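Here is how names work: the chains are called A, B, and so on, in the same order as the sequence lines, proteins then strands, and each is numbered from 1. Everything numeric in this text was worked out from a predicted model, so none of it was measured.
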Amino acid sequence: MPELPEVESLRRQLEPELTSRRVEDVWFDPHPNVLRQFRDVGLVAGRTIGGVGRKGKFIVCPLDEGLELIMHLGMTGAFRFDFDDPWVRARMWLDDGRVLAFRDPRRFGRIAVVPAGEYGAIPTLALLGPEPLSDEFDPNEFASVLRKTRAPIKPYLLSQRPVAGVGNIYADEALWRARIHPLSRRVGPRRALDLHGAIRSVLAEAVEREGTTFRDYQMVNGESGRNAPFLDAYGRVDRPCPRCGTPLKKIVLGGRGTTYCPRCQRH
DNA sequence: CACGCCTCCTGTGCGC
DNA sequence: TGCGCACAGGAGGCGT
């Protein structure tokens, strides 16, 4: 469930704690499914963390020696300090005596150490679209990209290619706000501009509220994000559309639950 | 080659 | 009460 606002909130919490810290040692769960998700994690031992950045849903930390630490929370990933339970999949001992724990019950999270900027082994990061809250997310370019695809708009948004960081919750929210049907295969320039604005506003508001806690997402201190009560579409099947009162409808699209307003969001 | 479907994993909540 | 099952959804991989 962590999408851009959740990952950005975590990044902001981790940055003051991790910047300039040296990683004394690292441990990770030898479970085969964890090993498949992790790549060269041992290389972080002895390295100093230069900062905590973010690209879409990936946390990207520059290390010395020209390396980068890439962390992705998957569905249930979380960071805690000096924390232990059976779902901790990795630990990093820091030079201030604290231990950063990566907790991930479902083992969908990923951690990798790569040469800085070399993302060939991480395809979604290599092909990542523009950062939605930065100037690189250009409305006209977005419209032009949308014109070229024939995929239904929602799964296309989830691919991370037209724009970075949008997941299931904020895709539903942005499409509802822009009044676009999630199955729409043709999003013209006018609607593309609406969607561009909706993505920006939905994400920016959620960042301000430190993310949406629907199930699993927790901040570094264990607290929940405050955005859930402000959701208009996601998770509100059969409840009235906040705009027109029509009961919201739920379909499965690309294997994912999708909630939308059958009246406001037409094909 | 873009697209669509399946898989990975485990906790939760529902109906019977 | 207990069981079985659908569901939650990140990204990767593979078939068409």
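More than 12 heavy atoms of other residues, nucleotides or ligands shown are found within 6.0 angstrom of CZ on A:R91.
The ring pair (Phe, Tyr, Trp, His ring centres under 6.0 Å) pairs that include a residue from residues 57-77 of chain A are A:F58-A:H72, where partners are two or more places apart or lie in different chains. Judged as a ring pair (Phe, Tyr, Trp, His ring centres under 6.0 Å), not a single pair has a partner in residues 111-132 of chain A (not counting sequence neighbours).
Ranking B:dG4, B:dA2, B:dT10 by closeness to the A:R107 side chain, first place goes to B:dT10. For A:K57, counting side-chain heavy atoms from C-beta on, the closest listed nucleotide (C:dG10, B:dC3, B:dG11) is C:dG10. When each of C:dA11, B:dG11, B:dC3 is scored by its nearest atom to the side-chain atoms of A:Y156, the top-ranked nucleotide is B:dC3. Proximity note for A:K250 (side chain, C-beta onward) versus B:dT10, C:dA11, C:dC7: the nearest is C:dC7. Closest to the side chain of A:F58, from the set B:dA2, B:dC3, C:dA11, is C:dA11.
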Scan nucleotides 12-14 of chain B against the protein and return all N/O pairs shorter than 3.5 Å with their distances rounded to 0.1 Å.
residue	atom	partner	partner atom	Å
B:dT12	O4'	A:R215	NH2	3.4

Atom pairs under 3.5 Å, N or O on each side, protein against nucleotides 13-16 of chain C: can you list them with distances?
none

Could you list the protein-to-nucleotides 6-8 of chain B atom pairs, N/O on both sides, closer than 3.5 Å?
residue	atom	partner	partner atom	Å
B:dC8	O3'	A:N33	OD1	3.3

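Taking the side-chain hydrogen bond (donor to acceptor under 3.5 Å, both in side chains) definition, one finds that A:Q37 meets it with A:R110, sequence neighbours left out. Taking A:F38 as the reference, nothing meets the ring pair (Phe, Tyr, Trp, His ring centres under 6.0 Å) condition, with sequence neighbours excluded. Qualifying salt bridge (Lys or Arg N to Asp or Glu O under 4.0 Å) partners for A:E118, counting only residues two or more places apart in sequence or in other chains: none. Applying the salt bridge (Lys or Arg N to Asp or Glu O under 4.0 Å) test to A:D96 and every residue at least two apart in sequence or in another chain returns A:R98.
For B:dG11, neither phosphate oxygen OP1 nor OP2 lies less than 4.0 angstrom from any side-chain nitrogen or oxygen of A:R103. For A:T149 and B:dC3, the shortest distance from a side-chain N or O to OP1 or OP2 is below 4.0 Å.
Hydrophobic side-chain contacts under 4.5 Å tie A:V237 to no other Ile, Leu, Val, Met, Phe, Trp or Tyr residue. Residues A:L183, A:I251, A:L253 make up the rest of the hydrophobic cluster containing A:Y260, defined by ILVMFWY side-chain heavy atoms closer than 4.5 Å, directly or through other members.
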Using distance only, find each side-chain donor-acceptor pair of residues 135-142 of chain A under 3.5 Å and give its atom names and separation, not counting sequence neighbours.
residue	atom	partner	partner atom	Å
A:E136	OE2	A:E131	N	3.0
A:D138	OD2	A:N140	N	3.2
A:D138	OD2	A:E141	N	2.9

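Put simply, the side chain of A:R200 gets close to the backbone of A:S134: a donor and an acceptor are under 3.5 Å apart.
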